[in-house]
Every structure is written in structure tokens, then in C-alpha cells.
Amino acid sequence: MIGKYPAKLDDKNRLFVPAKLRGDMGQTFYVTIGVNCGHKCLTIYTAEGWQKVCDKYDELPLAQKSGATSLLFIFACECVPDKQFRFTLTQSLMEYAGLSRDVIIVGRAGQAEIWDAKSYAAFEAEALTPEKLLASLEAIGL
């Protein structure tokens, strides 16, 4: 998944799946709490990606399955878009990420993120420097 897509939450906390992400996200996907560089956002996982998260969680020792690790699952919701490609976010997810009506959906390889538009603008301004871009490219081996 790639790209940046402005979107608006409607009065029923629904978002449209951006047309360019529909095929990547699939007919069922999962949304849960996320974080990127210290900023709160929501993370969208494909069904396959979510299953990988679940499998990794199941492999953890019992002592590591409590606390913050389990919050990923506690906040998660399964999303099946309607015929207009809309999906509903829970109130708890919206509150966690501080979402207002205006949001940004960004692709992030095998995942996507949902950000409050103002928070995303601050994140982008902070992260979009030559030094940070170079460090990111080096981190993925480029």
C-alpha cells in the first residue's frame, strides 16, 4: 500500500476506502491502535497481515501477553466495507488517535495508517528532512 489520501469522517464515524487502496486492503481488514515516531495513529492490517500479528502474539510467552501488548487486540475492530466502500471506526479508536473529521490515510507497505489531518501535518513536517529521509533509506538497506 502506498500513497497519501485525505478523507473525512462522516457523522456515523465512517470513512471511505480510498479507491487506490481497495484492492490491497481486501474485503475484510482490521484496524487497531498504532504509533509512528511517537505520534498516535491507527494501523490498518489486511486479513493476512492481521493473521501474522495474531500468530506472533500466540507464540509469545504468557508473561509478555499482558499489558500494552494485549491492547493491540483489545482496541482492534474487524472492518467489512459496505457497498459504497465505507467502514466504521469505533469511538475508542477515534479517541485514541485524536481523530477529528479531517483525516489522512497513508499507505505503508503491507499496512496503512489513519491519522488526524493536523497530527499528520505535524508528523510530516518533523519527519521530512534530508537527514531523516537518509536515515530511513539506510534502515531499509537502500
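Values reported hereafter were calculated over all heavy atoms of this structure, with side chains retained and with hydrogens, waters and symmetry mates removed.
In the displayed structure, Gln91 atom CD is contacted under 6.0 Å by more than 12 heavy atoms of other residues, nucleotides or ligands. A 6.0 Å sphere centred on CD of Gln84 holds more than 12 heavy atoms belonging to other residues, nucleotides or ligands. For CG of Leu134, the number of neighbouring non-hydrogen atoms (other residues, nucleotides, ligands) closer than 6.0 Å is greater than 12.
Under a hydrophobic-cluster definition in which Ile, Leu, Val, Met, Phe, Trp and Tyr are linked whenever side-chain heavy atoms come within less than 4.5 Å, directly or via other members, Ile44 and Phe75 are assigned to the same cluster. In the hydrophobic clustering of this structure, Ile104 does not group with Leu15; members are Ile, Leu, Val, Met, Phe, Trp, Tyr whose side-chain heavy atoms approach within less than 4.5 Å, directly or through other members. Under a hydrophobic clustering in which Ile, Leu, Val, Met, Phe, Trp and Tyr are joined whenever their side-chain heavy atoms come within less than 4.5 Å, directly or via other members, Leu133 and Leu142 fall into the same cluster. If you chain together hydrophobic residues whose side chains sit under 4.5 Å apart, Ile140 and Val106 never meet in one group.
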If you apply the rule side-chain contact (heavy atoms from CB on, under 4.5 Å), what do you find for Phe73 with Thr32, and how did you get there?
CA-CA 7 Å; Phe73 299 96; Thr32 191; over 6 Å; no

Evaluate the side-chain contact (heavy atoms from CB on, under 4.5 Å) criterion for residues Met94 and Asn13: first the C-alpha distance (whole Å), next the side-chain angles of each, then the deciding distance (0.1 Å), finally the verdict.
CA-CA 8 Å; Met94 292 177 49; Asn13 300 340; 3.2 Å; yes

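The CZ atom of Arg86 sits 7.5 Å away from the NZ atom of Lys12 when rounded to the nearest 0.5 Å. Taken from CZ in Arg108 to CD1 in Ile2, the straight-line distance is 15.0 Å, to the nearest 0.5 Å. From Phe29, atom CZ reaches atom CZ of Phe87 across 4.5 Å, with rounding to the nearest 0.5 Å. Distance check, rounded to the nearest 0.5 Å: CD1 of Ile105 to CE of Met1 gives 11.0 Å. Taken from CD in Gln111 to CG in Asn36, the straight-line distance is 10.0 Å, to the nearest 0.5 Å. Distance check: Leu9 CG to Arg101 CZ gives 8.0 Å after rounding to the nearest 0.5 Å.
Relative ring orientation between Trp115 and Tyr120 is described as perpendicular, the plane-to-plane angle rising above 60° on a 0-90° scale split at 30° and 60°.
Side-chain contact between Tyr5 and Leu21 is present, with heavy atoms from C-beta onward closer than 4.5 Å. By the 4.5 Å heavy-atom criterion applied to side chains, Leu99 and Leu42 are counted as neighbours. By the 4.5 Å heavy-atom criterion applied to side chains, Ile33 and Lys40 are not counted as neighbours. Here the side chains of Val31 and Thr43 are not in contact, with every heavy-atom distance at 4.5 Å or above. With contacts defined as side-chain heavy-atom distances shorter than 4.5 Å, the pair Tyr57/Ser70 qualifies.
Across every non-hydrogen atom of Pro81 and Gln27, the tightest pair is CD-O, 3.2 Å. Counting all heavy atoms, side chain and backbone alike, Thr88 lies closest to Cys79 at O-SG, 4.2 Å.
Every residue was checked against the ring pair (Phe, Tyr, Trp, His ring centres under 6.0 Å) condition with Tyr96, not counting sequence neighbours, and none meets it. With sequence neighbours excluded, the residues that form a ring pair (Phe, Tyr, Trp, His ring centres under 6.0 Å) with Tyr30 are Trp50.
With Asp116 contributing its side chain and Ser100 its backbone, the two residues share a donor-acceptor pair below 3.5 Å. Listed for the Asp82 side chain is a donor-acceptor partner under 3.5 Å among the backbone atoms of Phe85. No donor-acceptor pair under 3.5 Å is formed between the side chain of Thr46 and the backbone N or O of Met25.
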